Amino acid sequence: MNNMNWLIRASRWARNPPGPRQIKLVFGIIAAGLLLVALEKLGLWPDWATLDRGRGP
């Protein structure tokens, strides 16, 4: 990866940061993902939402 592209992207973000609505959306998506992981780890995930066997051979 080209680090210069990331620096340019970071400088654009610093000059024009995202609005509060977009920040809330991103944190909401992250929270929903963490909630799903927590439910699965605690064993509270329903059996009907689990695959019998995964993909592949």
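Please read these numbers as outputs of a predicted model, since none were measured by experiment.
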Chemist: Working to the nearest 0.5 Å, report the span between CG of L25 and CD1 of I30.
Modeler: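 Between L25 CG and I30 CD1, I get 10.0 Å after rounding to 0.5 Å.
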Chemist: Please say yes or no: joined through hydrophobic side-chain contacts below 4.5 Å, possibly via intermediate residues, are W13 and W6 part of one cluster?
Modeler: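 No, because W13 and W6 fall into different hydrophobic clusters, even though each may have its own neighbours under 4.5 Å.
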Chemist: Taking atom CG of L44 and atom CG of L35, what is their separation to the nearest 0.5 Å?
Modeler: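 Taking CG in L44 and CG in L35, the distance rounds to 10.0 Å.
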Chemist: Out of curiosity, R9 CZ to N5 CG, how far, rounded to the nearest 0.5 Å?
Modeler: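 Result: 7.5 Å between the selected atoms.
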